[in-house]
Amino acid sequence: MSPHPLLPRLAFALLCLTAAPGRAAEPKPFPMPAAAAAPAAPAAAKPPAAVESTVVKIFSTIRYPDPYKPWTKQQPRETSGTGVIIEGKRILTNAHVVAYASQVQVQANLSGDKIPATVEAIAPGIDLAILKLEDESFFDNRAPLARATKLPAVKDAVLVYGFPTGGSNLSITKGIVSRIEFALYNFPTSGLRIQIDAAINPGNSGGPAVADDKMIGLAFSRLGGGDNIGYIIPCEEIDLFLKDAADGRYEGKPAMFDALQTFENPALRPFLKVDRSIQGMIVTQADTSDPAYPLQPWDIVTKIGDTPIDNEGMVKVGDIRVRFQYLIQKVARDGKLPLTLVRAGKEMKVELPVAPRRPMLIPDLEGSYPQYFIYGPLVFSTATQAFVGGLNNAAVALAASASPLSQRRSDRPAFEGEGLVVVASPFFPHKLVNNYSQVQSAVLDKVNGVKIKNLAHLVATLRDLKDEFVVFEFGGRRFETPVFRRAEMVAATEDILNDNGVRAQASPELLAIWNQKSAGGN
């Protein structure tokens, strides 16, 4: 199975903007008639040197995880993007430009020197990152770029600076603000997003969008298959990120995870016995069934804070109309969101608990590498969204086999510490697995009758076994139940590691558990 790229993925069809190797098409000059002299071109307005001096090119060497060979990483990739100098002798860029980077270098405009940098803070959800340079004398003659304090208006002119594919010099494109909306970035993070028609191409990621010599946002994507549709992260979202990361740790923005539907269909009002004066969004499924949870199915959420919500789930903010969830980041306090709702015809006020993340049985890697444990020819790992995402071609088979990877992909953990243990890879070649069918991507249910809670629990269970045989049972249907002699599995492991060039039997924390031998030994 081919490795699955693990950049945080946008919920809409966005094209990754990190520059990749390839040949860029050179623009063709427009031919002039032979008999007519070319008119003198108007002098192009030269952008202020102060803006040019704040834009930098970023070079990254990236090693993405390989969820199907969790003992190793994918091959290094050389990529490039753009960044901008901000206050505090720092550089702001997109998270996807430096995610999983083993080496980062920064080069100023019109400079031949590359300065080593480190990632100080990163937020894959909102696609932002902060870099610090090893040599801060770089900033002695380079001031930070000022940021706008309010959103631009639709039709405002904008310049986008960056180092896109097709050349090595700074590129500047011009356009206008086309749209401002509140949209999903990378699940579960949503935020304000500005659409512009200025050209944005691979390598522009992390470059500033400027109006009146002030940054109004940071370029981060373009719509795949669309012409002149690019997106920038506005300064409001940037400021929230910088404030959150000021203590050295980024927590994330609070969010609602309840399922909602619009209140537009005319049959809903008589069904819920409310008149047309009631507007809002209907709760179809509360995020948790806890009786103390303040939302219930068929609640009508009518206000967020003091702001009314319309029947499409939108609110008016200044001159724009956006999804009401935009106000969560403005009105939530101490993890509580004030809402007004109508339940069974009666208005009531509640405080909804909100958090940056929803606990997930199948979590995101969030910049980490997958854990693994090798036992004989079997490779076990923890199910992650990256692992499941790479099995798209097997989605039908997973559903047909009632695999927990399909049935429980959006579930919360049933108990604290629950994790799904999967067979990450095909069997390593060995006589012990002769005539057994492959169980790659199967979810481990039991070992010798013991229900497996998570990967650490599996390691401890195998470590403490004293039975002659070890029996692996998998969740769902259509998977075989392989049986092995326990002593043979333990004895074969070292040879299998050596034959396949695997340096360690397990991730460090799991290896420590394995080496804590039980009283009787293995």
Side-chain angles (χ1 to χ4, degrees), residues 1-4 66-70 187 259 285 288-289 358-365 370-462 465 467-486 488-489 496 510:
M1 182 175 294
S2 60
H4 179 265
D66 187 337
Y68 312 110
K69 295 180 181 178
F187 182 81
Q285 185 176 2
T288 172
S289 58
R358 179 181 187 268
M360 295 285 286
L361 173 65
I362 303 177
D364 191 87
L365 280 170
Q371 293 185 322
Y372 73 94
F373 178 73
I374 297 173
Y375 187 72
L378 289 165
V379 181
F380 296 102
S381 188
T382 298
T384 63
Q385 291 294 329
F387 182 90
V388 178
L391 300 175
N392 283 337
N393 292 336
V396 174
L398 290 174
S401 66
S403 168
L405 294 180
S406 174
Q407 304 289 318
R408 302 189 64 192
R409 183 167 184 178
S410 299
D411 283 7
R412 287 172 171 263
F415 54 85
E416 186 173 355
E418 184 186 20
L420 296 185
V421 177
V422 293
V423 179
S425 308
F427 295 131
F428 283 122
H430 198 275
K431 64 182 181 181
L432 287 174
V433 290
N434 285 350
N435 303 315
Y436 281 141
S437 297
Q438 289 288 349
V439 290
Q440 184 185 11
S441 78
V443 176
L444 186 62
D445 185 36
K446 296 177 182 177
V447 172
N448 287 25
V450 177
K451 187 82 171 176
I452 298 303
K453 301 175 182 177
N454 52 47
L455 189 55
H457 181 230
L458 167 66
V459 175
T461 300
L462 292 173
L465 277 183
D467 302 339
E468 180 180 359
F469 295 95
V470 55
V471 181
F472 294 103
E473 298 178 62
F474 298 100
R477 301 186 295 269
R478 303 180 182 178
F479 289 107
E480 292 184 348
T481 301
V483 178
F484 305 94
R485 289 186 181 274
R486 183 180 60 84
E488 291 178 346
M489 291 288 278
I496 289 171
L510 297 176

Whether the side chain of Gln438 engages the backbone of Phe427 through a donor-acceptor N/O pair (distance < 3.5 Å, no angle test) should be reported. yes
Would you mind reporting whether Phe387 and Ile362 have side-chain heavy atoms less than 4.5 Å apart? no
Heavy-atom closest pair (Gln385 atom, Met360 atom, distance to 0.1 Å) is NE2-CE, 3.8 Å
Between CG of Asp364 and OG1 of Thr384, what distance do you get to the nearest 0.5 Å? 7.5 Å
Looking at OG of Ser381 and NZ of Lys69, how far apart are the two atoms once the value is rounded to the nearest 0.5 Å? 14.5 Å
Salt bridge flag under 4.0 Å for residues Asp411 and Arg408: yes
Verify, without hydrogens or angle tests, whether Arg486 (side chain) and Asp467 (backbone) share a donor-acceptor contact under 3.5 angstrom. yes
How close do Val422 and Ala383 get, heavy atom to heavy atom, and via which atoms? CG1-CB, 3.8 Å
As an exercise, state the distance from CG of Leu391 to OG of Ser406, rounded to the nearest 0.5 Å. 10.5 Å
Tell me which one of Leu462, Val421, Val471 satisfies side-chain contact (heavy atoms from CB on, under 4.5 Å) with Val447. Leu462
Value for CG (Leu361) from CG (Leu420), rounded to nearest 0.5 Å, stands at 4.0 Å
More than 12 heavy atoms from other groups under 6.0 Å of CG on Asn434: yes
Nearest 0.5 Å please: distance from the CG atom of Leu455 over to the CG atom of Leu444. 9.5 Å
Shortest non-hydrogen contact from Pro482 toward Phe474: CD-CE1, 3.6 Å
Looking at Ala397, is its backbone amide N or carbonyl O close enough to the side chain of Arg478 to form a donor-acceptor pair, meaning the two atoms are under 3.5 Å apart? no
Closest non-hydrogen atom pair between Gln407 and Ala399, with its separation: NE2-O, 4.0 Å
Between Tyr372 (side chain only) and Ala424 (backbone N and O only), is there a donor and an acceptor less than 3.5 Å apart? no
Please report the interatomic distance OH(Tyr68) to CD(Gln440), rounded to the nearest 0.5 Å. 8.5 Å
When every non-hydrogen atom of Pro370 is compared with those of Leu365, the smallest separation belongs to N-CD2, 3.9 Å
Spell out, as yes or no, whether a donor-acceptor pair under 3.5 Å connects the side chain of Glu473 to the backbone of Lys446. no
Any donor and acceptor pair, going by atom type alone, linking the side chain of Arg412 with main-chain N or O of Arg358 inside 3.5 Å? no
Please work out whether the ring planes of Phe380 and Phe472 are parallel, tilted or perpendicular, with thresholds of 30° and 60°. tilted
Is there a donor-acceptor contact under 3.5 Å from the side chain of Asn448 to the main chain of Phe469? yes
Sidechain-backbone polar pair: Tyr375 side chain, Val459 backbone, donor-acceptor under 3.5 Å: no
Let me see the working for Val433 and Phe484 under side-chain contact (heavy atoms from CB on, under 4.5 Å), right down to the final yes or no. CA-CA 8 Å; Val433 290; Phe484 305 94; 3.9 Å; yes
Nearest heavy-atom pair of Ser403 and Val443: which atoms, and what distance? OG-CG2, 4.1 Å
Sub-4.5 Å side-chain heavy-atom contact between Asn454 and Glu418: no
